[in-house]
Each structure stands twice: as structure tokens, then as C-alpha cells.
Amino acid sequence: MNLFHSKQFQKELDDFIDMALHEDVGERDHTSFACIPAREKAEGRLLVKTDGVIAGIEVAQHIFKKLDNKITVDTFFKDGNEVQKGDIAFMVDGNARMLHTGERLVLNVMQRMSGIATMAHHLTRLCEGTKAKILDTRKTTPGMRLLEKWAVSIGGATNHRWGLYDMILIKDNHVHCSGGIKNAIKNAQAYLKKERRKLDIEIEVGDLDELKEVMEIGGVQRILLDNFTPANITKALKLIKGKYKTEASGGITEDNLRKYALTGVDFISVGALTHSVKSLDLSLKIYPME
């Protein structure tokens, strides 16, 4: 089953919409209730103002239905479709007050998700012809992780761990506080055994000496090569010899991404996918129905 259409995800999405509406609307959209007659009908058009990949249409449908289940949304694109300036992503009609009440939340969600999906699509294309997959990170906006990671997937990139609960990722701070790489790995293995849990273990290394130490110990599923140059990643892969999945991270930009992908590394994690991406320019124009 697609994670993003599971019952658990749908519940989390519903909870997010409730929270976001409470944050923005509170007791009522007083401006719309003051200015617009109760039975006024209106229609809206979601206008694309910049080329990119659209994402969040499905969320927008949920938001409008939450406000008024009589609102109808006619879509012309699906999440993940490429769009161009001037396109109309969807049309919506229903109670004018409710359309105005939901307008900003729909835009906030769709602009953010579409910006992430657009960047994910672009970075994935830069890796075409290589085995490398683009990963997201935990550098997400608090409260919006499920939507931001969904946007990453819509754009064609791959989701890394969802949180601290679904994988063990031993980074330099963990190593320091464990008394070294060997202790950190052994501690992680002992913890999983004690807790009777099956979680992958990934460990970060900062140079080839640390990598050699990990290779001697073993007991992990993935090695994170942090701030390695492409040349050093090539050297690292020769030492690893395919025994573990590999991930490159740190210092990777749009300009040097393909150099990293060409090394043969399995994954490339890009925090900028979610922590500093530019939102896609969209507009929702609402007009009274004739």
C-alpha cells in the first residue's frame, strides 16, 4: 500500500488540517462573514505563475471538503505533473465565505509542496543515468513534515527516515558521547536486541580512517560519507566493495550534485530540499458566480 494513502497517513493529514484551520481561522473568518452574504456562491481558479511541478492538489481537496463538503473541485492536473506559467491547476466552486476562508491555507500548503516537488524533480533529473537516489532529511518545518516529505516523493525523490523512531543513525555526536565508533555500534546492536526491535543501523564517517574502523567492526546496513569530496567517495567505495549501502551528505549543491552521483554512491541526501527551497508562485482567484 502507498504510505501516503494509508489510513494512518490520512488520519495525520486530517489532524494537520484541523490544526492549520484552528491556527488561521480560529472561531471564524470575520472578514468574509462581514463582507459576503451567507448564501453567496463563488468560483475560484488556482493559477500557476511559475513553471514547475505541482503538488498539494489532493491536500487542497481535503481542506475544502473539511470546510464545506458541498464544495466541488475540478482538477486539470495531478500531483506530480509539470505545469507552466498561465496554467489553471483546478477550479473550485461553492459557498463564497468558505472559499475565502480556505484560500490562504490552500495556497500556503500548495506553494510550499510545489516548491519542494519542483526541486526534487530537478535534482532527480540531474542524477539520470546513475544509480544515485536523492534523499530528503529531517530538516523539515515543524508540524509540516508529512506534507514536505510527501512533496519530495511527488517530485520523484526518495524519503529517508521519517523521524528518530524508524531508524538508528549514528552521527558524530553520538560517537563522541559513546566513546568511539566501536562502542557506538556495539551499543546500538545491544539496544536493538534488548528492545527486540528490527531497525537498520546507519553510521556517519568523516574520513577514510573512520571508514576503515567501521569496516573492521561491521554490523551496520548503511554508511554515511559526510563531507567527502567526490574523489574521496570514489576511494571509499573501493574500500566498501558493495558490502554496505552508501550515502553522501554535506557540501553537496546543485552545481556539484552530478559529480557525486557519478561516483556510484547509492544515495545523496540534500537537506536543502526542505529547509531552504523556494515556494512555487501560485494564486487562487475567487469570483462571484454569475
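These numbers come from the heavy atoms of this one structure, side chains and all, not from hydrogens, waters or symmetry mates.
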Short side-chain donor-acceptor distance under 3.5 Å, N183 and S178: no
Hey, is the main chain of S279 close enough, under 3.5 Å, to the side chain of Q111 for a donor-acceptor pair? no
Please say yes or no: joined through hydrophobic side-chain contacts below 4.5 Å, possibly via intermediate residues, are V175 and Y244 part of one cluster? yes
Begin from the C-alpha positions of E254 and R125 and carry the test salt bridge (Lys or Arg N to Asp or Glu O under 4.0 Å) through to its verdict. CA-CA 11 Å; E254 182 180 346; R125 277 193 168 178; over 6 Å; no
Are any of the side-chain heavy atoms of L21 and L67 separated by less than 4.5 Å? yes
Pair D14 + K66: basic N to acidic O under 4.0 Å: yes
Take atom NZ in K245; do more than 12 heavy atoms of anything else shown fall under 6.0 Å from it? no
Tell me, with the steps shown, if K139 and T137 meet side-chain contact (heavy atoms from CB on, under 4.5 Å). CA-CA 5 Å; K139 297 175 183 178; T137 69; 3.3 Å; yes
With the threshold set at 4.0 Å, does a side-chain nitrogen-carboxylate oxygen contact exist between D24 and R104? no
How far apart are the closest heavy atoms of D79 and G56, and which atoms are they? OD1-N, 2.9 Å
Side-chain contact test, heavy atoms from C-beta onward, threshold under 4.5 Å: evaluate it for I181 versus I203 and give yes or no. yes
Point-to-point distance, once rounded to the nearest 0.5 Å, from OG1 of T234 to CZ of F228: 11.5 Å
Check: K78 and E58 side chains under 4.5 Å, non-hydrogen atoms: no
Any donor-acceptor pair under 3.5 Å linking the side chain of D29 with the backbone of S32? yes
List the steps and the verdict of side-chain contact (heavy atoms from CB on, under 4.5 Å) for L46 and I88. CA-CA 6 Å; L46 197 288; I88 297 175; 5.6 Å; no
Of the non-hydrogen atoms in L105 and A20, which two are nearest, and what is the gap between them? CD1-CB, 3.6 Å
Among R138, E247, H160, K133, which residue meets the side-chain hydrogen bond (donor to acceptor under 3.5 Å, both in side chains) test with S269? E247
In short, T246 meets D266 closest at the heavy-atom pair N-OD2, 2.9 Å
Residues L47, L284; criterion side-chain contact (heavy atoms from CB on, under 4.5 Å); working and verdict: CA-CA 6 Å; L47 305 177; L284 180 54; over 6 Å; no
Less than 4.5 Å apart, any side-chain heavy atom of H100 and any of I286? yes
State, to 0.1 Å, how close N95 and A38 come at their nearest heavy-atom pair, and which atoms those are. ND2-O, 2.9 Å
Out of curiosity, I57 CD1 to M113 CE, how far, rounded to the nearest 0.5 Å? 10.0 Å
Without swapping roles, check the side chain of D281 against the backbone of K49 for a donor-acceptor pair under 3.5 Å. no
Main-chain N/O of C127 paired to T130 side chain as donor or acceptor, under 3.5 Å: yes
Within 45° of the axis and under 6.0 Å from the centre of the six-membered ring of F33, does NZ or CZ of R28 qualify? yes
Would you confirm whether D136, through its side chain, and V152, through its main-chain N or O, come within 3.5 Å as a donor-acceptor pair? no
Does D87 use its side chain to pair, donor to acceptor, with the backbone of A89 at less than 3.5 Å? no
Look only at the side chain of K85 and the backbone of G52, and say whether a donor-acceptor pair between them is shorter than 3.5 Å. no
Checking side-chain contact (heavy atoms from CB on, under 4.5 Å) for the pair L192/K198: CA distance, chi angles, key distance, verdict? CA-CA 7 Å; L192 291 177; K198 292 184 178 180; over 6 Å; no
Go through the structure and list residues passing side chain to side chain donor-acceptor pair (under 3.5 Å) with Q84, not counting sequence neighbours. none
Can you find a pair of side-chain heavy atoms, one from L257 and one from I134, that are under 4.5 Å apart? yes
Applying a strict under-4.5 Å side-chain criterion to I, L, V, M, F, W and Y, I'd like to know whether L237 and L262 cluster together. no
Would you compute the distance between atom CG of L225 and atom CZ of R222 and round it to the nearest 0.5 angstrom? 11.5 Å
What's the shortest heavy-atom distance between Y260 and G251, and which atoms? OH-O, 4.4 Å
Would D200 and R161 pass as an ion pair if we require N to O under 4.0 Å? no
With sequence neighbours left out, the residues meeting salt bridge (charged side-chain N to carboxylate O under 4.0 Å, His left out) with D93 are none
F90 ring centre to R45 NZ or CZ under 6.0 Å, with the angle to the axis within 45°? no
Salt bridge check: are E148 and R112 linked by an N-O gap of less than 4.0 Å? yes
Could you tell me if H22 and E27 have a donor-acceptor pair between their side chains, going purely by distance under 3.5 Å? no
CG-CG distance between L169 and L199, expressed to the nearest 0.5 angstrom: 12.0 Å
Determine, using the 4.5 Å side-chain heavy-atom cutoff (strictly less than), whether I17 and V109 are members of one ILVMFWY cluster. yes
Please determine whether residues V265 and L123 belong to a single hydrophobic cluster, defined as Ile, Leu, Val, Met, Phe, Trp and Tyr linked transitively by side-chain heavy-atom distances below 4.5 Å. yes
Taken in chain and number order and not counting sequence neighbours, the residues that satisfy ring pair (Phe, Tyr, Trp, His ring centres under 6.0 Å) with F9 are F4, W150
Do V92 and V106 sit in the same hydrophobic cluster, where Ile, Leu, Val, Met, Phe, Trp and Tyr count as joined when their side-chain heavy atoms come under 4.5 Å apart? yes
dist E204:CD -> N173:CG (nearest 0.5 Å) comes out at 8.5 Å
Does the side chain of I201 come within less than 4.5 Å of Q189's, by heavy atoms? yes
What I'd like to find out is whether the side chain of V214 reaches to under 4.5 Å of the side chain of V220, using heavy atoms alone. yes
Measure from the side-chain N and O atoms of T141 to the backbone N and O of M144, and report whether any donor-acceptor pair falls under 3.5 Å. no
So, taking the atom named NZ in K131 and the one named OG1 in T263, what distance separates them when rounded to the nearest 0.5 Å? 9.0 Å
Contact between I268 and L135 at the side-chain level, heavy atoms closer than 4.5 Å - yes or no? no
Heavy-atom pair of closest approach, residues V83 and V48: CG2-CG1, 3.8 Å
Would R97 and E40 satisfy salt bridge (Lys or Arg N to Asp or Glu O under 4.0 Å), going step by step from the backbone distance to the final call? CA-CA 8 Å; R97 286 179 175 178; E40 183 82 12; over 6 Å; no
Backbone of A55 reached by a side-chain donor or acceptor of S114 within 3.5 Å: yes
Q10 (side chain) donor-acceptor with S6 (main chain) under 3.5 angstrom: no
